[in-house]
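Data first, discussion second: the structure below is written as structure tokens.
Worth saying up front: this structure is predicted, and the values here are computed from it rather than measured. First the proteins, then the strands, lettered A, B, ... as listed; each starts at 1.
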Amino acid sequence: MFLSENPEYRKKVKEILPIVEKIVEEVNNLSEKELNEISKNIKIERKKKKKDLVLPNVKDKVILRFAPNPSGPLHIGHARAAVLNDYFAKKYNGKFILRLEDTDPKRVLEDAYDMIKEDLEWLNIKVDETVIQSDRLDIYYKYGEELIKKGLAYVCECSQESFRELRNKGLPCKCRDRDIEENLELWKKMLNGEIDNVVVRLKTDIKHKNPSIRDFPIFRIEKTHHPRVGDKYVYPLMNFSVPIDDHLLGVTHVLRGKDHIVNTEKQKYIYKYFNWDIPEFIHYGILKIEDTVLSTSQIYKGIIEGVYSGWDDIRLGTLRALKRRGIKPEAIYKIMLDIGIKPADVKFSWENLYAINKELIDKEAKRFFFVWNPKKMVVKDADKRVVKLRKHPDRKEFGERELLFNGEVYVVNDEIEEGKMYRLMELFNVVVEKIDDIIIARYHSDDFKIAKKNKAKIIHWIPVDNINKVKVLMPSGEIKEGYAEKDFREVKEDEIIQFERFGFCRIDKKDDEITICCYAHK
RNA sequence: GCUCCGGUGGUGUAGCCCGGCCAAUCAUGCGGGCCUUUCGAGCCCGCGACCCGGGUUCAAAUCCCGGCCGGAGCACCA
């Protein structure tokens, strides 16, 4: 690093080398004791290099856009683009545009427009401007027509198959040479709904090494009902509408996944033909998310069929599902920044998200005992007692909870073995004598040290009376049922708590009968 | 198959552009210990990686070539 900053010294390296070698030898001959002395004196100050994500070529105002397809709410995969764009917009004091890309009526869900806005709000992402592409069809028509007039685009009547066949051989189809007037006439007919089964193609390079770039389509006819535009049915393809909008909106940096690299190449033709400046394109690697259904269409199907309870079914990777489990938006924001924008593919591991989230909620979550798969334990030879515990080990101000021991408790069934000693948390040590329909245990001692010495498992427990029924929905789809201690009654819906030795949960629903919780993570 | 992209511990990440304070960062994970009104909490210590082979160079995680592996695209979707 010294050399890279002072390249003029490079030539001298050869001269210095023998000296360096000599010193190295001397150091190597030092005794361990001497070395330790020296290293004590050298305080190694490693510069804490803060990871700082930067955008290349920042000139004037940075304008970014997040462009989801409104076919469902946002999921963890969308969060990456949303967060990155928002982060840079804030960092450079720029602008964040939300652009809803609804030019495929087959993939538009009316509710999604609002859901996406809600999801962004939840993530604390500030939208400076919202653009809906279906409002802008006339704009696309205008620019499309201009390209036809310039002879750079043409109406193609070929079937998809026959065009592809020619294209793959690098041959133009017969429509390519049609004169401009005729093209314009056909274009008008398209817009008026007089013809069907045609597309408008951009003239690119019919021999381009990537066949999909050869005269790719920029408009198509789609007669599916669109919730926002109704009877129009000429729609631009994304490789046309996207560059048009990006340019018109002044977007300076386009952040998107590597799966769009070919699209970028296609879109550059549009910039070239209109003589527009090309924005900065940044392609980050594919985010693979372990064991999670993310496909919006698949989720939607599951909801319709009743497999999932809704978009916020906690088995899903939607933001609203994560919210429901007690994952904080800040945690999602942070992990997306941690992952960053490098071009290598990334396997998203939930563990990492959970760790970040835990840090956020740990200090706020009240602690309670929850006994799942409860089994009654009768403790012989034990006096009645009252145990007072903090609701949070470090935060006295949260107050205390109270457990009244009167001889019978519930414990987690599968934690108990015959003949073993257990420490009932904050209470005393017992030895299990017999397990039948109930567990028979005998009081052993009070001293915690005895439990430690005997390597007794420290388990939690609740008195058999004054209990609260609890059902915990797990992200795996599993349901844990059991009882929570008396003071659990005070929790409110939406509160995040920790069931000790179990994990963090968000209170989803509560009535006199039972409390439903959603499991976040341990 | 064709086109393009990428490969740093179990996972994520820094360093790569501009070779040398890199016997490689930070976090998570895992292992061990400590503490404590007794946690699956907290604190401390430890473990663990530059895909492989060649080349260039005094010096390669970093540059070049080849291989292997992984991914993406190849739509009248976005």
Side-chain angles (χ1 to χ4, degrees), chain A residues 1-5 7 10 13-14 16-18 20-21 44 46-52 67-71 101-104 106-107 133 156 158-160 163-164 167-168 197-201 208-213 216-222 235 237-239 241-242 256-263 265 283 285-286 288 290 296-297 334-335 337-340 342-356 358-359 362-363 365 367 369 387-390 392-394 400 423-427 448-449 451-452 456 458-460 498-504 521-522:
Chain A
M1 201 175 273
F2 172 79
L3 285 173
S4 64
E5 275 162 22
R10 257 174 221 203
V13 166
K14 277 185 184 166
I16 301 169
L17 209 65
V20 173
E21 277 170 357
I44 303 160
R46 287 209 177 276
K47 274 176 266 174
K48 287 254 157 66
K49 281 174 215 158
K50 277 168 282 171
K51 189 187 153 196
D52 194 24
N69 166 243
S71 55
E101 303 205 332
D102 57 347
T103 54
D104 179 5
K106 291 199 295 295
R107 302 214 314 171
Q133 287 195 313
C156 177
C158 302
S159 73
Q160 216 172 135
F163 179 83
R164 182 160 36 210
R167 180 197 73 178
N168 288 344
N197 286 322
V198 298
V199 295
V200 177
R201 293 186 178 280
H208 195 285
K209 64 182 172 183
N210 184 342
S212 81
I213 289 173
F216 64 86
I218 56 174
F219 286 97
R220 49 88 158 70
I221 291 170
E222 177 54 62
Y235 292 95
L237 278 307
M238 76 160 294
N239 282 318
S241 52
V242 165
R256 55 186 176 200
K258 278 199 307 191
D259 45 334
H260 283 297
I261 287 179
V262 178
N263 292 324
E265 210 179 330
H283 299 111
I286 308 293
K288 281 173 289 188
E290 56 178 23
T296 304
S297 56
K334 180 166 188 305
I335 197 165
L337 292 184
D338 280 352
I339 290 171
K342 70 166 189 176
D345 295 351
V346 176
K347 196 195 296 164
F348 176 90
S349 165
W350 290 103
E351 292 290 343
N352 292 325
L353 208 217
Y354 296 160
I356 295 168
K358 183 161 70 185
E359 213 172 306
D362 180 54
K363 51 185 182 291
R367 270 61 170 169
F369 285 166
V387 175
K388 291 202 170 182
L389 293 176
R390 282 192 193 161
H392 191 289
D394 309 321
E400 291 187 320
R423 171 74 180 185
L424 299 183
M425 275 171 81
E426 316 281 354
L427 191 59
F448 183 60
K449 289 192 187 80
K452 280 227 138 177
I458 300 164
I459 61 170
H460 62 287
Q498 187 199 43
F499 284 135
E500 291 197 39
R501 306 212 309 128
F502 182 69
F504 292 92
H521 47 75
K522 64 172 187 175

Can you tell me, in whole Å, how much space there is between the [atom1] of [N] and that of [M]?
{"N": "rU57(B)", "M": "rC64(B)", "atom1": "P", "result": "16 Å"}
{"N": "rG71(B)", "M": "rC76(B)", "atom1": "P", "result": "25 Å"}
{"N": "rG40(B)", "M": "rC35(B)", "atom1": "P", "result": "15 Å"}
{"N": "rC30(B)", "M": "rU11(B)", "atom1": "C1'", "result": "12 Å"}
{"N": "rG53(B)", "M": "rG6(B)", "atom1": "P", "result": "22 Å"}
{"N": "rC74(B)", "M": "rU56(B)", "atom1": "P", "result": "42 Å"}
{"N": "rC4(B)", "M": "rA23(B)", "atom1": "C1'", "result": "37 Å"}
{"N": "rG29(B)", "M": "rG10(B)", "atom1": "C1'", "result": "7 Å"}

Looking at [options], which one has an atom nearest to any side-chain atom of [X]?
{"X": "Arg107(A)", "options": "rC30(B), rU38(B), rA78(B)", "value": "rA78(B)"}
{"X": "Asn352(A)", "options": "rC5(B), rU28(B), rC77(B)", "value": "rU28(B)"}
{"X": "Arg220(A)", "options": "rG71(B), rC39(B), rC77(B)", "value": "rC77(B)"}
{"X": "Arg423(A)", "options": "rU28(B), rC76(B), rU38(B)", "value": "rU38(B)"}
{"X": "Leu237(A)", "options": "rU13(B), rC77(B), rA75(B)", "value": "rC77(B)"}
{"X": "Met238(A)", "options": "rU28(B), rA75(B), rA78(B)", "value": "rA78(B)"}
{"X": "Ala355(A)", "options": "rA41(B), rU28(B), rG6(B)", "value": "rU28(B)"}
{"X": "Lys209(A)", "options": "rU3(B), rG71(B), rA78(B)", "value": "rU3(B)"}
{"X": "Arg367(A)", "options": "rA78(B), rC77(B), rA41(B)", "value": "rA41(B)"}
{"X": "Arg167(A)", "options": "rG70(B), rC39(B), rA75(B)", "value": "rA75(B)"}

Let me know the distance between [atom1] of [X] and [atom2] of [N], rounded to the nearest Å.
{"X": "Asn239(A)", "N": "rA75(B)", "atom1": "CG", "atom2": "P", "answer": "12 Å"}
{"X": "Asp362(A)", "N": "rU28(B)", "atom1": "CG", "atom2": "P", "answer": "13 Å"}
{"X": "Asn69(A)", "N": "rA78(B)", "atom1": "CG", "atom2": "P", "answer": "8 Å"}

Q) For Arg367(A) and His460(A), what are the C-alpha separation, side-chain angles and deciding distance, and is it a side-chain contact (heavy atoms from CB on, under 4.5 Å)? A) CA-CA 12 Å; Arg367(A) 270 61 170 169; His460(A) 62 287; over 6 Å; no
Are the side chain of [X] and the backbone N or O of [Y] linked by a donor-acceptor pair below 3.5 Å?
{"X": "Lys258(A)", "Y": "Pro343(A)", "result": "yes"}
{"X": "Asn69(A)", "Y": "Glu101(A)", "result": "yes"}
{"X": "Asn263(A)", "Y": "Asn239(A)", "result": "no"}

**Q.** Presence of salt bridge, Asp104(A) and Arg220(A), under 4.0 angstrom
**A.**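 So Arg220(A) pairs with Asp104(A) through a salt bridge.
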Using purine N1 to pyrimidine N3 plus N6-O4 or O6-N4 for Watson-Crick, or N1-O2 and O6-N3 for G-U wobble, both under 3.5 Å, which nucleotide pairs with [N]?
{"N": "rA75(B)", "result": "none"}
{"N": "rG31(B)", "result": "rC45(B)"}
{"N": "rC68(B)", "result": "rG7(B)"}
{"N": "rG40(B)", "result": "none"}

Q | Phosphate OP1/OP2 of rU13(B): any Lys342(A) side-chain N/O under 4.0 Å | A |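 Answer is yes, contact under 4.0 Å.
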Q.
Ignoring hydrogens, what is the shortest heavy-atom contact between Asp102(A) and Pro70(A)? Give both atom names and the distance.
A.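 Nearest heavy atoms, Asp102(A) then Pro70(A): CB-CG, 3.6 Å.
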Q. Of the options Tyr354(A), Phe499(A), Phe502(A), which is the one that meets His521(A) in a ring-ring contact (aromatic ring centres under 6.0 Å, His included)?
A.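 Among Tyr354(A), Phe499(A), Phe502(A), the one that satisfies the ring-ring contact (aromatic ring centres under 6.0 Å, His included) with His521(A) is Tyr354(A).
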(Q) Quick check: on RNA chain B, is the nucleotide nearest Val198(A) upstream (toward 5') of the one nearest Phe502(A), or the reverse? Name the residue that is more 5'. (A)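 The residue mapped nearer the 5' terminus is Phe502(A).
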Q: Remember a base hit wins even if backbone is also touched, and classify Ile286(A) as base, sugar-phosphate or nothing at under 4.0 Å, heavy atoms.
A: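 Ile286(A): backbone/sugar contact only, no base atoms under 4.0 Å.
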